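Scroll down for the structure; my scribbles are underneath it.
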There are 2 protein chains.
Amino acid sequence: MSLAHALMTSLLEKSSSGYDLARRFDKSIGYFWHATHQQIYRELARMEASGWIASDLAPDGGKTRKRVYRVLDAGRQEVVRWAQEPTPPMDMRDDLMVKLRADAALGAHSPLSLDTEIERRLQLHRTKLVAYRAIEARDFPAGQPLSREATIQHMILKTGIMYEQGWARWCEDALRTLHTLSPEASESPAAPASTHTSQTPGAPDDRDRLSLAPEP
Amino acid sequence: MSLAHALMTSLLEKSSSGYDLARRFDKSIGYFWHATHQQIYRELARMEASGWIASDLAPDGGKTRKRVYRVLDAGRQEVVRWAQEPTPPMDMRDDLMVKLRADAALGAHSPLSLDTEIERRLQLHRTKLVAYRAIEARDFPAGQPLSREATIQHMILKTGIMYEQGWARWCEDALRTLHTLSPEASESPAAPASTHTSQTPGAPDDRDRLSLAPEP
DNA sequence: AAGTACATGTAATCTGTTACATGATTCC
DNA sequence: GGAATCATGTAACAGATTACATGTACTT
């Protein structure tokens with residue numbers, strides 16, 4: 001979550017202005033985590049107020065308003081502190097999961113045609129995958145011994161590859177499953193035409209499929 | 001993002017009060033997407049104002065303040081509309097990625113000991129994986145023909161399994177990589193003791209490893 | 001009688017998004 | 001000279017997080 005720490009990490013790699021930082025962020029960490037220039041400027045101002053970073057005017061003789069930020073020692077220490085505190089893994093929070101659940105809840109009557117959306121997403125994931133693989137081939141040629149820094153960066157890149165590949169495979173799988181489902185849409189032995197999901201009141205049917213309660 | 005739609009989906013599956021919804025959400029969709037009771041109450045109020053849902057007092061004769069929400073037709077239509085509009089895949093935005101980059105940027109001098117954190121995360125992912133697999137065995141026994149609804153729910157569950165498995169594998173891999181790295185921490189051919197990352201000013205070294213710029 | 005779980009909220013704060021504003025510089 | 005892009009910001013709002021508040025019902 002902490003954008004400040006992500007920005008400082010980027011500044012540790014290279015001191016730069018807000019604008020440059022925004023561009024660099026977009027092209028590196030931003031592939032995992034997008035931030036607008038607004039957030040970045042606001043956060044830079046705050047971090048400077050906290051004494052984590054400092055800025056100098058660009059060495060272009062005042063031609064531009066550019067201000068170059070660098071990480072101070074307090075900032076460096078803060079990054080170290082933060083890096084060592086445990087953080088929970090992110091939720092996957094993907095709309096597609098909810099849409100699938102909605103599709104299941106609404107039943108075969110309402111054709112949500114999620115396959116179009118999944119197809120679209122498949123293309124997105126494949127595109128990213130190709131891009132990542134190109135970087136891998138360019139920056140981490142096989143067989144070469146890598147420095148500590150490069151090894152870690154390669155690790156990060158491989159995470160992106162794993163992620164996109166996982167989703168691409170998932171999309172393919174989902175499409176297959178949906179296609180086996182749609183032809184016999186109205187032939188399945190589903191409950192006939194109960195438009196509303198409301199149970200008979202008083203019946204405490206709390207046993208959802210997919211709920212994570214261990215057997216009582 | 002749209003929490004409202006996620007909540008309506010849950011209400012479509014079963015009408016319930018804010019409190020119950022919060023609990024159910026936590027145990028189903030919440031495994032992918034956490035929401036606090038605050039968000040839920042606020043959102044319920046808004047959705048009622050929009051005419052998407054309506055509430056009745058619980059059929060317990062006013063003993064409790066419980067209000068049971070159900071989805072109205074306008075809400076149902078809104079879910080359908082939303083389900084068909086394209087949504088971008090979520091960022092992965094995982095702090096671990098940034099921490100790894102920080103580790104690389106700070107160099108081998110500062111021992112961030114990320115392996116402890118990764119170990120911890122590995123346990124979390126394994127725990128979830130076990131839980132998901134238990135549900136799978138309970139609710140989707142192999143070989144049984146499933147209804148349309150159950151098939152979709154199984155799909156969602158398999159996504160969770162894929163996700164946790166992917167991260168668990170990643171953690172194992174990362175630990176191995178880090179362990180090959182740490183013994184010879186100071187023997188690698190790294191740049192010697194340049195405490196600051198700042199380049200000689202004027203040298204526009206914009207060629208970050210791991211940046212996604214296609215060859216110029 | 002005291003404590004836990006139920007049930008619903010207000011308020012403050014922080015993070016994220018969108019729109020608008022402004023002036024300088026570089027490219028054509 | 002006009003357009004694009006560089007570079008920095010203000011303002012307003014929407015969404016999420018955390019802390020606090022309040023009262024009832026069930027349990028021991």
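A note on names: the letters A, B, ... follow the listed sequences, proteins ahead of strands, and every chain is numbered from 1. Nothing here was measured: the structure is a model prediction, and the numbers come from that model.
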Between [X] and [N], is there a side-chain N or O to OP1/OP2 distance below 4.0 Å?
X: Ser17(A); N: dT8(D); value: yes
X: Arg46(B); N: dG15(D); value: yes
X: Arg93(B); N: dG16(C); value: yes

Nucleotide [N], atom [atom2] - distance to [atom1] of [X] in whole Å:
X: His37(A); N: dT22(C); atom1: NE2; atom2: P; value: 15 Å
X: Tyr69(B); N: dG9(C); atom1: OH; atom2: C1'; value: 11 Å
X: Leu21(B); N: dT8(C); atom1: CG; atom2: P; value: 10 Å
X: Tyr41(A); N: dA21(C); atom1: OH; atom2: P; value: 18 Å
X: Tyr19(A); N: dC6(D); atom1: OH; atom2: P; value: 4 Å
X: Leu44(B); N: dT8(C); atom1: CG; atom2: C1'; value: 11 Å
X: Asp56(B); N: dA7(C); atom1: CG; atom2: C1'; value: 17 Å
X: Lys66(B); N: dT24(D); atom1: NZ; atom2: P; value: 17 Å

Selected nucleotide, minimal atom distance to Gln39(A) side chain, candidates dA7(C), dT17(D), dG16(C): dG16(C)
Mutual orientation of the aromatic rings belonging to His5(B) and Trp52(B) [parallel < 30°, tilted 30-60°, perpendicular > 60°]: tilted
Salt-bridge present (Asp91(A), Arg93(B); N to O < 4.0 Å): no
Test: Arg23(B) and Asp26(B) ion pair at under 4.0 Å: no
No-H, no-angle donor-acceptor pair, Gln38(B) side chain to dT8(C) base, under 3.5 Å: no
Test item: side-chain donor near acceptor, Ser2(A) and Trp82(A), under 3.5 Å: no
Side-chain H-bond candidate by donor/acceptor type, Arg67(B) with Ser55(B), under 3.5 Å: yes
Earlier contact from the 5' end, DNA chain D, for Arg42(A) and Arg67(A): Arg67(A)
